[in-house]
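The next block holds one structure in the form of C-alpha cells; read it before the comments.
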2 protein chains.
Amino acid sequence: MSNRITLKQIAKELNLSVSTVSKSLRNSREISTDTKNLVQAFAKFYNYKPNSIALNLRNRKSKTIGVIIPEITHYFFSNVIAGIDSEANKKGYRVVVSLSNESFDTEVVNIETLANGSVDGFILSVAKETLLNKDYHHFKETINQGMPIVMFDRITNEVACDKVIIDDKEGAKKAVNKLLNTGCKKIALVTTEDYVTVGSLRTKGYIEALEESNIAYDPNLVIKIQDQGLNKDEEITLLGQSIVKLLHQHRDIDAFFAVNELSAITVMKVVLDLGYKVPEDISIIAFTDGVLSKYSIPALTTVSQHAFEMGVASAKLLIDKIEEITNSEFHITQTMDATLIERQTTK
Amino acid sequence: MSNRITLKQIAKELNLSVSTVSKSLRNSREISTDTKNLVQAFAKFYNYKPNSIALNLRNRKSKTIGVIIPEITHYFFSNVIAGIDSEANKKGYRVVVSLSNESFDTEVVNIETLANGSVDGFILSVAKETLLNKDYHHFKETINQGMPIVMFDRITNEVACDKVIIDDKEGAKKAVNKLLNTGCKKIALVTTEDYVTVGSLRTKGYIEALEESNIAYDPNLVIKIQDQGLNKDEEITLLGQSIVKLLHQHRDIDAFFAVNELSAITVMKVVLDLGYKVPEDISIIAFTDGVLSKYSIPALTTVSQHAFEMGVASAKLLIDKIEEITNSEFHITQTMDATLIERQTTK
DNA sequence: TATCAACACGAAAACGTGATAGTGACCATC
DNA sequence: GATGGTCACTATCACGTTTTCGTGTTGATA
C-alpha cells in the first residue's frame with residue numbers, strides 16, 4: 001500500500017542505473033558532481049528514504065531491541081522502558097515491547113516471535129510463572145543462537161547473560177536501619193513468596209539488618225503475599241485482612257517494611273483506618289519507585305529502584321554486546337545502589 | 001552474529017535446492033513425502049524459523065504497529081499500550097513503541113524513522129508541543145505515503161484519519177452532575193490550557209453541565225495549569241499555590257473537578273492540609289483512569305477513560321486499514337463512553 | 001600511435017524468502 | 001514410437017539496498 005519511492009524508481013525516472021543512484025545519494029566520488037546534484041535534488045523532492053527492511057536484510061541486523069516485561073501498567077517497568085528508549089534512540093536503535101503478563105507461555109511465544117531476525121537482542125525481566133517453573137530453556141536457546149540477552153530486576157542465575165539488578169539486600173537494610181534509627185522497635189515485613197528473587201533478597205536484608213542490631217528475627221511478624229491466581233483486588237483485600245490480624249496479635253508493632261509499593265499503600269490504608277497515626281504510631285517504608293508513593297498522602301518513604309537508570313544501563317550493556325564491543329563470552333552483573341528517599345511516613 | 005539456520009544452509013546440507021526446502025517446509029504436494037519428512041525433521045532439529053526480515057521485504061509489509069505516545073510513565077498511556085499489545089498479538093502483529101516526550105521534534109523524528117518500512121501503520125497520541133504549534137505536516141505526509149494512522153485521546157481534526165476518543169464533554173458533565181446531585185453548590189475546575197483538545201472539551205462539559213442546572217459559569221473558579229517548560233514537581237507546587245489562593249478567595253467552594261489525576265491528587269493534598277474534610281466539606285472528582293485515584297486515601301471518585309479498551313479499539317481500526325478491510329478513504333471517529341467510578345471523595 | 005590512468009557509470013551479487021515457471025525422467029496411452 | 005501427463009525437483013525472479021567488480025570513453029604520456 002505504501003507508495004514510497006525506491007532507488008529503482010528514481011533510476012528509471014532519471015535514466016540511470018540503481019547503482020549510480022545509490023552512489024549519488026551516498027555522495028560517492030565515483031559519480032560526477034552534476035549527476036549527484038541531480039539525483040540528490042530528485043530524491044529530496046520525492047522525499048526518498050532508504051527502506052529500512054531492505055537495509056536490515058542486507059546488514060543482517062535490525063537495529064532493534066526487544067523488550068519483554070511482565071506488565072507495562074506498572075510504574076517501575078514503564079520507567080525502565082523510558083530509560084531503554086532514551087538510550088536506544090541515542091544509539092540509533094528502536095524498541096519493540098511485548099508483554100508476558102507474568103505467563104510462561106506468553107514469554108516463550110514472544111521471545112520466539114521476535115528472535116527471527118526482528119530484533120538484535122533482548123532486555124527482559126522474567127515472568128513470575130517462569131521463575132516458579134524454573135524452566136529457562138527459551139532464554140538459553142536464544143542465547144545459543146547468538147542473540148544476546150540482558151536481564152534486569154527479576155533475573156535468574158541459571159542463565160548466563162548480562163544482568164542489571166539493584167542491591168536489593170542492601171536497600172532493604174537501609175530501610176530497616178532507617179526505621180531502627182528513628183526509634184522503631186518492632187518492625188513487620190510484607191514480602192512476596194521466595195521464588196521471586198528480588199523479594200527474597202529484600203527479606204534477607206530485613207533479617208540481616210535486624211540481626212546486626214541484635215534484634216531477634218521473628219517469623220510471626222512476616223506477611224507473605226499469596227498469589228495463587230487471584231486478581232489484584234482480591235490480593236489486596238486478602239493482604240489487608242492479614243495486616244489487621246497481625247496488628248491485633250502484635251499491638252506493639254511500630255513499623256512496616258513492604259517490598260513493593262502496593263503492599264505499602266495497603267498497609268497505610270489499614271493502619272490509618274484502624275486509627276493509628278503515620279508516622280507517629282507506625283512508620284512505613286516501601287521498596288519501590290512509583291507514583292503512588294510519591295503522591296500518596298502522606299507521601300511514602302521509599303527505597304528507590306532507579307528504574308530509568310536501570311533501563312539505560314541495560315540498554316548500554318545490550319548494545320555493547322550486539323555491536324561486539326564487549327566479548328560475548330563474559331557476562332557482567334551490574335548492581336545499582338538502592339537509595340533511601342525520605343518522605344512523610346518515617347520520623 | 002546470529003547463527004540461525006537458513007533455507008540455503010539446509011539446502012546445502014541435504015543436497016537439495018532452496019526451492020525444494022522451502023516447499024517441503026510449506027508442505028507443498030509437489031515434493032515427495034520422503035523428502036518432506038527429511039527436510040522437516042532436519043529443520044525442526046536445527047530449530048529453523050523463517051527470517052522475518054526477509055519475509056517483510058518480500059511481502060512489503062512488516063506486521064508491526066508503531067505506537068508513538070507523549071510519555072509512557074503514565075498509567076493511562078501504558079494501559080493503552082497494554083490494550084494495543086493484546087489486540088495486536090491476537091492478529092499476529094508486533095508493537096514498537098517510541099516516546100515523543102511531548103516534543104514536536106522528537107515526534108517528527110520518530111515517525112520518520114519508523115515510516116521507512118519498519119511499521120505498517122501508526123497509533124499515536126499527539127504531543128503537546130505539536131498541538132501548540134499546530135504543525136501536522138508529518139502526519140499528513142505519512143498518510144499521503146499510504147501509511148494509515150489512528151489517533152487516540154489527543155487528536156487533531158486537521159488530520160484526516162481514524163480516531164478513538166472518549167466522550168470528554170459528556171464525561172465531564174457526568175462528573176459535574178454527580179457533584180450537583182450530591183448537594184455541591186460551588187464547583188471549582190482545574191483544567192489545562194485550551195490547546196489540549198481533551199482539556200478544553202472537558203471544560204466545555206463542565207460549563208454545559210452548570211448551565212443546564214441554571215448555575216452561572218464563573219471563570220474565577222477555574223484554574224488553568226500552566227506548562228511553560230516547568231518540570232512536573234514545579235508544576236505541582238505552582239498548582240498547589242493556585243488552589244490555596246482560590247480557596248482563600250472563595251471560601252464557599254464545596255467541590256473540585258480536575259481534568260487529570262495529578263491535579264486532583266494535588267487538590268486533595270492541599271484541601272486536607274487546610275483542614276477540610278473530604279468529601280464532607282469538599283468533594284473531588286478527577287478525569288482519569290490511574291492507579292493514584294484507585295489507591296489514594298481516600299480513593300478518588302473518577303471519570304474512567306477506559307484506556308485498555310481504547311488501545312484495543314485503536315488497534316482494531318488500524319489493522320482493518322492496514323489489511324484494507326476498511327476503505328482507506330473513509331475515516332471514522334470512534335467515541336467511547338466515559339463512565340463515572342464512584343469512590344470515596346464524593347458524597 | 002600504442003599504453004595507461006582517470007573518470008563516470010553500469011552489471012551483478014548478496015542478504016533470505018516464496019512463487020512462478022521450467023526441466024528432466026518415467027510411465028501410460030493410442 | 002510419438003504424444004502427453006504426472007512426478008519430483010530446480011532455476012529464476014522479486015522485494016530494496018549496498019558493494020565489488022567491470023567497462024567504455026577520454027586524455028595524457030612515452
Side-chain angles (χ1 to χ4, degrees), chain A residues 1-40 42-43 46-64 115-120 145-147, chain B residues 1-40 42-43 46-64 113 115-120 145-146:
Chain A
M1 180 69 282
S2 168
N3 43 21
R4 246 169 202 286
I5 199 165
T6 66
L7 286 185
K8 196 193 273 190
Q9 288 166 34
I10 297 180
K12 193 175 169 192
E13 215 64 38
L14 298 179
N15 266 318
L16 290 168
S17 75
V18 173
S19 355
T20 306
V21 175
S22 172
K23 284 173 185 165
S24 300
L25 293 175
R26 325 201 89 243
N27 242 318
S28 158
R29 86 188 82 81
E30 287 180 49
I31 308 295
S32 71
T33 318
D34 284 356
T35 309
K36 279 198 279 196
N37 287 341
L38 174 68
V39 173
Q40 285 172 8
F42 192 90
Y46 283 100
N47 193 26
Y48 170 79
K49 295 274 168 54
N51 179 305
S52 59
I53 293 196
L55 285 177
N56 290 344
L57 180 61
R58 177 166 218 288
N59 302 329
R60 257 164 301 160
K61 60 187 180 193
S62 62
K63 281 275 189 178
T64 302
N116 306 317
S118 301
V119 302
D120 295 338
Q145 279 162 1
M147 190 153 293
Chain B
M1 180 69 283
S2 167
N3 44 20
R4 244 170 202 285
I5 198 165
T6 66
L7 286 185
K8 194 193 276 190
Q9 289 167 36
I10 298 180
K12 193 175 171 192
E13 214 63 38
L14 297 179
N15 265 317
L16 290 168
S17 76
V18 172
S19 343
T20 307
V21 175
S22 171
K23 283 177 182 162
S24 299
L25 293 174
R26 323 201 91 242
N27 242 319
S28 159
R29 86 189 83 83
E30 288 180 48
I31 308 295
S32 71
T33 317
D34 284 358
T35 309
K36 279 198 279 195
N37 286 340
L38 174 68
V39 172
Q40 285 172 9
F42 192 92
Y46 283 101
N47 193 24
Y48 170 80
K49 294 275 168 55
N51 179 305
S52 59
I53 293 194
L55 284 178
N56 291 345
L57 180 60
R58 180 170 213 285
N59 302 328
R60 257 165 301 162
K61 62 185 178 195
S62 62
K63 281 274 188 178
T64 302
T113 321
N116 306 318
S118 301
V119 302
D120 295 338
Q145 279 162 1

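Note on naming: letters A, B, ... go to the chains in the order of the sequence lines (proteins, then strands), and numbering restarts at 1 for each one.
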(message) Walk me through whether B:Ile53 and A:Ile53 qualify under side-chain contact (heavy atoms from CB on, under 4.5 Å).
(response) CA-CA 6 Å; B:Ile53 293 194; A:Ile53 293 196; 4.1 Å; yes

(message) Output the rounded distance in Å from CG (B:Asn37) to P (D:dA8).
(response) 13 Å

(message) Need the bend value for the helix from C:dT1-D:dA30 to C:dC30-D:dG1: angle between end axes, 5 pairs each end, nearest 10°.
(response) 90°

(message) Assess, by modelled atom type and distance only, whether the side chains of A:Thr20 and A:Ser17 contain a donor and an acceptor separated by less than 3.5 Å.
(response) yes

(message) Applying ring-ring contact (aromatic ring centres under 6.0 Å, His included), can you list everything that pairs with A:Tyr48, at least two apart in sequence or on another chain?
(response) none

(message) How long is the straight-line distance from CG of A:Asn37 back to OG of A:Ser32, given to the nearest 0.5 Å?
(response) 8.5 Å

(message) Looking only at side-chain N and O atoms, does A:Thr35 offer a donor or acceptor that is under 3.5 Å from a partner on A:Ser24?
(response) no

(message) If you apply the rule side-chain contact (heavy atoms from CB on, under 4.5 Å), what do you find for A:Val18 with A:Leu7, and how did you get there?
(response) CA-CA 6 Å; A:Val18 173; A:Leu7 286 185; 4.0 Å; yes

(request) Please check if any side-chain donor atom of A:Asn56 sits under 3.5 Å from a side-chain acceptor atom of A:Ser62, or the reverse. (result) no

(request) Could you walk me through whether B:Lys36 and B:Asn27 pass the side-chain contact (heavy atoms from CB on, under 4.5 Å) test, one step at a time? (result) CA-CA 7 Å; B:Lys36 279 198 279 195; B:Asn27 242 319; 3.6 Å; yes

(request) Assign a letter to each nucleotide of nucleotides 9-17 of chain D from its 5' end: B, base within under 4.0 Å of a protein heavy atom; S, sugar-phosphate only; -, no contact. (result) BBBB-BBBB

(request) Could you check how far CG of A:Leu14 sits from C1' of C:dG10, rounded to whole Å? (result) 15 Å

(message) Can you measure B:Asn27 atom CG to D:dA8 atom P for me and round it to whole angstrom units?
(response) 14 Å

